[in-house]
Every structure is written in structure tokens, then in C-alpha cells.
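Inspection log for the structure reproduced underneath, given as C-alpha cells.
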Protein chains: 2
Amino acid sequence: MLSSALQSQKQNAMATHRSQTKREKILDVAEELFALHGYDGVTLRQIAAGAKVDVALANYHYGKKLDLFNAVFERRAALLNEARLEALHQCQRESGSGGPTVEQIIEAFLRPLELAQETGDPGWRHYLALIAYINNSPYWGPRMMSKLFDELVLEFIDALRTALPGAREEDIFWCYHNLSGALTLTLAQTGRIDKLSGGSCQSADFQAAYDHMIPFVAAGFRQVCREQ
Amino acid sequence: MLSSALQSQKQNAMATHRSQTKREKILDVAEELFALHGYDGVTLRQIAAGAKVDVALANYHYGKKLDLFNAVFERRAALLNEARLEALHQCQRESGSGGPTVEQIIEAFLRPLELAQETGDPGWRHYLALIAYINNSPYWGPRMMSKLFDELVLEFIDALRTALPGAREEDIFWCYHNLSGALTLTLAQTGRIDKLSGGSCQSADFQAAYDHMIPFVAAGFRQVCREQ
DNA sequence: GCGGCGATTCAACAAACGTTGAATTTCTTC
DNA sequence: GAAGAAATTCAACGTTTGTTGAATCGCCGC
């Protein structure tokens, strides 16, 4: 007798003898292409070709192109939010009555993104690049980011407020903006830092990126939000 | 008798009785639309309509769509690079034999972007958003950023290396990566921080963004690149 | 005022786009 | 194994796309 968790995994893996295979393959290919070329840079025919499927099948499963785009964006959001929230709560439990340090909070914000990569599923890498594309877009950013990620971000900002007593509201948010920017460019995986550094740094190495980002951002928060 | 600098301004303003007006209007509209919707999200007909011009005129002046995209990207690059390099050299001259501090170098890297906005030309705002789009794109970033901006960036990194003796190469580049990310998200002007902060922060206020980014980034550099 | 030339528009092309209704295959259920 | 439902393909639609060649406009020198 399988546990219900394992059962649902089993269902996802085998599906109903093929049916969900093509359906999910469409999402996988759309995820990769949207992340690389953006919404308008990808045609439904490219996605269908990549998934070895007729172009009408995407419409059958997901409706219009915009609905497919949203489906890709929403597929992994809940899982990601749960992992990050769990990491925040864990460091809050483990810290004393003073609450977690800035470093611990930033770490809880970033490390789950790295774990997502380590599942071996390349889809996660593409998904993170898609988030970077959307978050940095003046068109899509305001339309899509808030609904799925604002609640989580505000929880982390609450924790940071506690860890930085006396900080001004605007200072905290501008610091979060800097963190979000550094993270976004990392997720985009443009490979630019590889070339600039002559090979010293690798965009694909999320662990190295976060190893440097955590002390960098924490020091920035403390400098800007230090008590007046 | 006008100075040659003013003369060239005058020429730009009056042009040859109209001829350069439509030609430049196409660039202006393309700049704004490309920044907002990306390369594939804009059609030549939208650009032509915005410039109140026939669709064939863009082709006549700039060739293919990709050539127009490049023309927009290149138009203001040299001017921007000169302003930033001048700011770097000035703070190098003003500093003692020890060279400028990290804060001064970051300031020279960022403040010229703010001055560009203060000329009153809204085109600069759109251009900076276009840089953000390209820099964050896994497709365009590697293809377009290096040629115009690598030389300048490496000059600033040289200055930072001097200001941070004993720092590891990879640490410096990862820190620059964080700076570049924070800056990129700022230039994108998505308005997301406005909503998240409930109005405490405004994306359009570049000065406030840099006022917070300079100490934030400088502290990050010092923390990560401190002597071992 | 006429010829020439750059700037601009007109008209049209073939290709590719998102979307859809109907036909066909594949699976599930009895 | 027949019936019904779901999944998938087929074929086509009306638009829109980037691009181009030819025609027209507007100005300047002669």
C-alpha cells in the first residue's frame, strides 16, 4: 500500500497511459521557449513542434496562447512558495527569541531556488529564467508578479523588519528592491558574468551566486537600515 | 557667432527643414515600444503608426527590423559611456594617491544615468529600460551587451580592484554581478516596488534608487571582498 | 522653371500567425 | 467487443507580419 504522497507522484509519472504525457510536454517546451525568447518571441507552432504535437493540441488543453503562458507561470509557483516559506519558518523556529538574523532570512529566501535546480529537472532552471523575464518586464511584471508572489515577499519583509529594528520603511523596501534585482539577473542566466570575468564566474552555478549574494545583500541591508 | 557645440545642437533641432525629423521620430517611437514590449512584441506597423509615417519608411532609413533595433540600441550608447567614463576619471583625479573609494566609484557608475534622465528628454528613460530588457534577456544579452559596454565595465572593475586590495577576482565579479542586477531592475521601471511598498518607494525616482543603491552596494563589496 | 535627388507613400507580395470546427485516433467503461 | 468519451490530428480560415518595387512628393541647384 502506497502513501497518498507517493501515489500522486506515481500518477504523475505514469499518467493515464500517455494522456498527460503530451499535455505536460507542451508545458515543458513552452516553459523553455518563453524563458528564452519571451511571450511574443515564441509561436504556438514552435511549441507544438518542440513537443512533437499538432498545433491545435495546445489550444485544446490550455485555450488561448495567453492562457498557456499563465499556465506555465502558475505550474510551479505554489511549490516554490511553499519551499521558501518552509525555509523561513524553519530558521525562525531555530533562532532564539530575537528572531533570525538578516543572513538567515536572506538564505531562506534564496536557497530553496537552488534546491529546485538540484532535483535534476531542467524545467526548474527554465522556470526561474521565466520568472526573471516576467519580473524585469515593464509590461508583464505589474500584471503577473503580484498575484503569485506578493504575499510571500511581504512575509520575508516582515521578518527583515524584525531583524532590523528602527529601520525606515522606504529603506527596507529599497534594499529588497536591490536584492530582487540581483536575484533576477541571476535567474535570467544570461552568461554575461562568465564572459566578463573571463571564466572566473559561471552563471549556471547558482550555489556560487548565492554564496556571494547572501553576505553581499545582508551587508547592504545593515548599512542602509542601520539605526539612525 | 555660435559655439560649435551649440551649432550642432541647433542643427539637430532644426534639421534640414524636416528631413531628419521623421527619421529620428521613428527611432524615438521604436525606442519606447521596444523597451516596453521587447523586440518581438513590437511590429514595424506599430512603430510607423506611432511616428505617423508609412511602414516602408523605417525600412528605407534603417533597413531590416533587426537593423532598426540595433540602431536604437547604439544611438545613445557612446554618449552614455562618455558620461560615465568622465565621472570615473573625475573622481580619480579628485581623490588622493590612494585612489577613489568604493562609494565614489559606484557613484560614478550610477549618477550619469540619473543625469541622462534630467535632460527632460523622455527618450533617455525609454533607452535605459531598453538596456534593462536586453541585459536581462538570455537571448539578446550575450549578443548585444558586450560590444558596447564591456570596455567601460572593465574600467570600473579595474578601479574597484584598486580600491579593494587583496580581493579575489571571482568575488569582485560576483559583486559586480549583484550591482548590475540591482541596476538593471531599476532601469526596467516595472513599478513593482511602488506597489509592494504601498507607495513608500517610486520606481520613477532614480535619485532615490541610487541614494539607496550606492551605500547598499558599497557595503556589499566591502563585506565580500574584505581582505582574508 | 526645370532636372535631379533624397524622402516619403502606395500597393502588394508570400509567409507565418493564432484560432477553430470537423474528422480521426486512442483510451475507458461496461 | 461495442459504445462513448477524451485526446489528438487534419485542414483551413481570416489577419497580420516583414519586406520590396514602383510611384509620388518636396526641395535644391542651376
Side-chain angles (χ1 to χ4, degrees), chain A residues 7-8 10-34 36-73 75 139-140 143-144, chain B residues 10-73 75 130 139-140 143-144:
Chain A
Q7 271 186 334
S8 74
K10 199 79 177 177
Q11 279 182 356
N12 281 345
M14 307 208 31
T16 50
H17 283 141
R18 266 314 138 68
S19 78
Q20 285 203 342
T21 289
K22 291 192 173 183
R23 184 187 155 101
E24 290 187 351
K25 182 82 167 142
I26 292 173
L27 274 191
D28 291 340
V29 174
E31 186 172 56
E32 179 170 5
L33 293 180
F34 281 143
L36 183 55
H37 294 105
Y39 178 77
D40 299 291
V42 178
T43 73
L44 292 175
R45 283 175 168 82
Q46 286 177 296
I47 295 172
K52 296 191 179 72
V53 147
D54 187 88
V55 66
L57 192 59
N59 188 273
Y60 171 75
H61 282 304
Y62 300 103
K64 316 257 176 187
K65 184 185 183 184
L66 187 56
D67 297 325
L68 171 61
F69 190 59
N70 274 299
V72 171
F73 186 54
R75 172 165 60 154
Y139 181 81
W140 296 112
R143 284 171 174 75
M144 299 182 68
Chain B
K10 200 80 178 175
Q11 279 182 356
N12 282 345
M14 308 211 29
T16 51
H17 284 143
R18 276 301 145 71
S19 78
Q20 286 202 341
T21 289
K22 290 192 175 184
R23 186 187 154 99
E24 290 187 350
K25 180 80 170 151
I26 291 173
L27 275 191
D28 290 339
V29 174
E31 186 172 56
E32 180 170 4
L33 293 180
F34 281 142
L36 182 56
H37 292 105
Y39 178 77
D40 298 291
V42 178
T43 73
L44 292 175
R45 283 173 169 82
Q46 287 177 294
I47 295 172
K52 295 191 179 72
V53 147
D54 187 87
V55 67
L57 192 59
N59 188 272
Y60 171 75
H61 282 303
Y62 300 103
K64 317 257 177 188
K65 183 185 184 184
L66 188 56
D67 297 324
L68 171 60
F69 190 59
N70 274 298
V72 171
F73 186 55
R75 172 166 57 155
L130 181 67
Y139 181 81
W140 297 112
R143 283 170 175 76
M144 301 183 66

Got Asp67(B) and Lys64(B) here, is their nearest side-chain heavy-atom distance under 4.5 Å?
yes

Taking the side chain as every heavy atom from C-beta outward, state whether Glu31(A) and Arg75(A) have any atom pair closer than 4.5 Å.
yes

Distance below 4.0 Å between [X] side-chain N/O and [N] OP1 or OP2:
| X | N | answer |
| --- | --- | --- |
| His61(B) | dG6(C) | no |
| Lys22(B) | dT9(C) | yes |
| Tyr60(B) | dA7(C) | yes |

Could you check whether Val55(A) gets within reach of a base, just the sugar-phosphate, or nothing at all, counting any heavy atom under 4.0 Å?
base

May I ask you to say whether Lys65(A) pairs ionically with Asp40(A), meaning some side-chain N is under 4.0 Å from a carboxylate O?
no

What nucleotide among dT19(C), dG18(D), dT8(D) has an atom nearest to a side-chain atom of Lys64(A)?
dT19(C)

Against the side chain of Leu57(A), the closest entry in dT9(C), dG18(C), dT9(D) is dT9(D)

So, is the end of the Arg23(A) side chain (NZ or CZ) under 6.0 Å from the ring centre of Tyr62(A) and within 45° of the ring's axis?
yes

Between Gln46(A) and Gly41(A), the two heavy atoms sitting closest are OE1-O, 3.7 Å

Asn59(B) vs Asp54(A), nearer the 5' end of DNA chain D by closest nucleotide:
Asp54(A)

In residues 42-50 of chain A, which ones come under 4.0 Å of DNA chain C, going by heavy atoms?
Val42(A), Thr43(A), Leu44(A), Arg45(A)

